[in-house]
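Below you'll find the structure, written out as structure tokens, and then a few comments.
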Amino acid sequence: MAERKVRVRFAPSPTGPLHIGGVRTCLYNYLFAKKNGGELLLRIEDTDSQRFVPGAEDYIIEAFKWLGITFDEGVGVGGPNGPYRQSERREIYKIYVKQLIESGHAYYAFDTPEELEAKRNAIPNFQYDSHTRMQGVNSLTLSADEVNRRIAAGEKYVVRIKVEPDEDVEVDDLVRGKVVINSNILDDKVLYKAADELPTYHLANIVDDHLMEITHVIRGEEWLPSAPLHVLLYRYLGWADTMPRFAHLPLLLKPEGNGKLSKRDGDKLGFPVFPLLWKDPKTGDISSGYRESGYLPEAVVNFLALLGWNPGNDQEVFSMDELIQLFSIDRISKSGARFNFEKCKWFNHEYLQKRSDEEVARMFEPILKDKGVQCPFDKLVYIVSLVKERITFPSELWDQTDFFFQAPTAYDEKSLKKRWKEESPQCLRELVEVLKGIDDFSKVVENEQLVLDWVASKGYNLGTVMNSFRITLVGAAKGPHIFNIIDIIGKDETIARVNRALEVIK
RNA sequence: GGCCUUUUCGUCUAUCGGUUAGGACGAGAGAUUUUCAUUCUCUAAAGAGGGGUUCGAUUCCCCUAGAGGCUACCA
């Protein structure tokens, strides 16, 4: 086989918001494509007309835009192999359905869903396959005339693959090695439904991957059991020599308990399982998203990249470019990864520190606006510089800085009990006089030295003075350096806060 | 039930037959900080069980168990 340009695809079904596991699958596809100088396609697999959800497609596109994952071809960007929505490719699939039937690898089946349901109930482990298909109502058991008559009469039929029995089908998986399944356990899967004139996933997937010249199929492990069917389809269609390589990714599991990660886990444990906030168009239910929860896209990408892959050394923090350089399929792990969002938070803290004070200040602006607070931008940057390292999410900014914008309305009991001494009022009254003598509060270092000297000259306990002072300014025993605080709130406000505290605190 | 995959600290993982089994998150303890937080240091913490193969198995093979997936006219 000649060397082909690497082409991979992400092919979600627009049945709702994109699950974080899907995001990881796409990320791995992206990293693999970029690493190998290849291309990534976005294909929308909307062959299930029943489960189509409006808005899901736009959501998917927006989510990857936010994450910095770009597509070279597909829905939203176009390309020479379109259309990229399977619902718009009906006529293409029909050609191959016909080819499969004519070559004897598929057949018409007229069994109704009710009949099949009845068989499943009556016969344990019933499956439509080489052992049972001759009892079905299909083009194998009906005369050609009868088949034609039924089709002409508009009877709803499906087309099923005719799996040849007693054959070991081999899937050479890039992650798991050779996986062999005997064709006897495969059933004659439905490939096409006359009811909506659409193929099922299996056929559409193979036809599109072939036509779009996909070289590597990187997808979740849930597809491993049907991979042999796909191999068979490539063979029956005569495309075995250009069949893509498969790589089945380990699944993302719940943080605790059993099963794979689901929407409910997020709701229950209080972390998002979707990249973006999603509002269900039918029910109006809201599902939280990483973006709206204050996660940085590079943190989400970094966290996800390491869930099932590692570079083989101790490095933990990677830029997208580094991930691209380092990524390789043979370092993908085989077992499912439990989703640990504490680590995700840690990544967010790391990446937030990498952002400049100006950038973080900009994240703070809408929060302040919401609080009805006005603040000059350069002052905001100054404030952010004092508290940035303390926070993991921009949403924590207000709690860390509210005292810069408004005087404390109450004084924390615990702090008072621990830090407010009997001599505090007297010390503070004298401190006010000292502060009054300072003209420029922006001389942080000098002012501190001045106060320190004064405390020493009076023989006061430094901790008592400073902690009491802090409580009057902040309302509690917390916050950044005191002399930065008074620089920001200014002389008048500083003195006013001390005086007010002196009145209120008994 | 059947079939497939998988199994190293609580979690994510390193180790490609010979290591004091390493790192990170989280946890605990100290230090720094006149406050709180940050930061730093240290500590505890793992090869599912049983058989083989081998001079030697976490590593290779088999069995059992656990975990996960699939078993639709869904993807």
Side-chain angles (χ1 to χ4, degrees), chain A residues 11-15 22 45-48 50-51 109 111-113 116-117 120 124-125 127-128 156-160 171 173 175-177 179-182 184-187 189-196 198-202 204-205 219-228 248 250-251 253-256 258-260 303 306-317 330-331 333-347 349 353 387-391 396 400 412 415 418-419 452 455 461-471 474 476-482:
Chain A
S13 186
T15 54
E45 308 223 330
D46 52 352
T47 52
D48 184 359
Q50 305 296 312
R51 295 204 307 157
D111 316 79
T112 65
L116 292 174
E117 185 60 27
R120 282 194 196 95
N125 299 325
Q127 94 176 0
Y128 214 114
K156 295 289 177 260
Y157 64 89
V158 298
V159 173
R160 287 179 181 274
V171 179
D173 189 271
V175 173
R176 287 150 216 285
V179 178
V180 180
I181 293 182
N182 191 280
N184 286 337
I185 67 142
L186 263 25
D187 64 330
K189 276 267 180 299
V190 170
L191 300 179
Y192 178 83
K193 312 153 273 171
D196 54 8
L198 244 20
T200 59
Y201 169 84
H202 304 287
N205 193 265
R219 71 217 315 187
E221 193 189 349
E222 71 267 28
W223 293 107
L224 192 54
S226 53
H248 288 94
L251 262 20
L253 273 22
K254 291 173 191 281
E256 51 200 41
N258 305 329
K260 60 176 174 178
F303 171 65
L306 258 19
L307 233 42
W309 173 87
N310 76 83
N313 58 35
D314 289 342
Q315 190 178 346
E316 297 266 351
V317 179
D330 49 82
R331 292 211 62 91
S333 35
K334 296 176 171 69
S335 54
R338 236 171 246 283
F339 194 86
N340 173 237
F341 74 105
E342 283 302 324
K343 185 122 185 195
C344 191
K345 283 186 189 170
W346 176 79
F347 274 116
H349 181 262
Q353 303 317 307
V387 300
K388 190 174 75 175
E389 66 182 16
R390 299 160 173 259
I391 61 161
E396 295 164 19
Q400 292 289 341
D412 180 62
S415 303
K418 196 171 175 192
R419 305 291 179 191
L452 251 34
V455 170
N461 180 289
L462 183 64
T464 300
V465 177
M466 298 307 266
N467 286 316
S468 304
F469 188 21
R470 173 179 295 281
I471 290 170
V474 176
K478 63 166 193 179
H481 195 61
I482 285 184

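Keep in mind that the numbers below use all heavy atoms, side chains included, and drop hydrogens, waters and symmetry copies. Sequence lines set the chain letters: A, B, ... in the order given, protein chains first and strands last, and positions in each chain run from 1.
B:U15 and B:C9 are spaced 15 Å apart, taking the C1' atom of each and rounding to whole Å. B:A57 sits 15 Å from B:C62 when the C1' atoms are compared, rounded to a whole Å. One P atom belongs to B:U58, the other to B:U19, and the distance between them is 10 Å to the nearest Å.
Taking every heavy atom of both residues into account, A:Arg176 and A:Lys334 meet most closely at NH1-O, 3.2 Å.
Between A:Leu251 atom CG and B:U11 atom P there is a gap of 17 Å when expressed in whole angstrom units. Taking atom CG on A:Asn125 and atom P on B:G1, their separation rounds to 11 Å, with Å as the unit. For A:Glu222 and B:U5, the CD to P distance is 16 Å, given to the nearest whole Å. In this structure, OH of A:Tyr192 is placed 19 Å from C1' of B:A75, rounded to the nearest angstrom. Summarising the geometry, the separation between CH2 on A:Trp223 and P on B:U6 is reported as 20 Å, rounded to the nearest angstrom. The interatomic distance linking A:Lys345 (NZ) with B:A37 (P) rounds to 16 Å, in whole Å. Residue A:Leu253 contributes atom CG, which lies 13 Å from atom P of B:U7 at whole-angstrom precision.
Between the base of B:U38 and the side chain of A:Arg390 there is no donor-acceptor pair shorter than 3.5 Å. The base of B:C12 does not come close enough to the side chain of A:Arg338 for any donor and acceptor atom to sit less than 3.5 Å apart.
Nucleic acid contact for A:Val190: sugar-phosphate only, since backbone atoms but no base atoms lie under 4.0 Å from a heavy atom of the residue. A:Ala195 comes within contact range of no nucleotide atom at all, as no heavy-atom separation falls under 4.0 Å. Nucleic acid contact for A:Gly308: sugar-phosphate only, since backbone atoms but no base atoms lie under 4.0 Å from a heavy atom of the residue.
For B:U13, one of the phosphate oxygens OP1 or OP2 lies less than 4.0 angstrom from a side-chain nitrogen or oxygen of A:Ser333. For A:Arg219, no side-chain nitrogen or oxygen approaches OP1 or OP2 of B:C70 to under 4.0 Å. Remark: A:Asn310 is in phosphate contact with B:A14, judged by side-chain N or O atoms under 4.0 Å from OP1 or OP2. Not one side-chain nitrogen or oxygen of A:Arg470 sits closer than 4.0 Å to the OP1 or OP2 atom of B:C36. Considering only side-chain N and O atoms, A:Thr47 lies under 4.0 angstrom from the phosphate OP1 or OP2 of B:A75.
Comparing B:C36, B:U6, B:C70 against the side chain of A:Pro225 picks out B:C70 as the nearest.
Not counting sequence neighbours, the partners of A:Tyr201 by the ring-ring contact (aromatic ring centres under 6.0 Å, His included) test are A:Trp223, A:His230. Partners of A:Lys193 by salt bridge (Lys or Arg N to Asp or Glu O under 4.0 Å), not counting sequence neighbours, listed by chain and number: A:Asp196. By the salt bridge (Lys or Arg N to Asp or Glu O under 4.0 Å) test, A:Asp111 is found to be paired with no residue, residues two or more places apart in sequence or in another chain being considered. With sequence neighbours left out, A:Glu222 forms a side chain to side chain contact (heavy atoms under 4.5 Å, CB included) with A:Leu251.
The residue among A:Leu224 and A:Lys156 whose nearest nucleotide of RNA chain B lies closer to the 5′ end is A:Leu224.
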Please tabulate the protein-to-nucleotide N/O contacts below 3.5 Å involving nucleotides 23-25 of chain B, giving atom names and distances.
unit_1 : atom_1 : unit_2   : atom_2 : d
B:G23  : O4'    : A:Asp314 : OD2    : 3.4
B:A24  : O4'    : A:Glu316 : OE2    : 3.0
B:A24  : O2'    : A:Lys343 : NZ     : 3.0
B:A24  : N3     : A:Lys343 : NZ     : 3.3
B:C25  : OP1    : A:Trp346 : NE1    : 3.4
B:C25  : O2'    : A:Lys343 : N      : 3.4

Q. Tell me, for nucleotides 57-63 of chain B in 5' to 3' order, what letter each nucleotide earns: B for a base near a protein heavy atom under 4.0 Å, S for only sugar-phosphate near one, - for neither?
A. -------
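Base pairing annotation: B:G68 forms a Watson-Crick or G-U wobble pair with B:C4, both donor-acceptor distances under 3.5 Å. The partner of B:U35 is absent, by the rule that a Watson-Crick or G-U pair needs both atom distances under 3.5 Å. Look at B:G10: its Watson-Crick or wobble partner, with both distances under 3.5 angstrom, is B:C25.
With hydrogens and angles ignored, the 3.5 Å screen pairs no side-chain donor or acceptor of A:Glu389 with any backbone N or O of A:Ile391.
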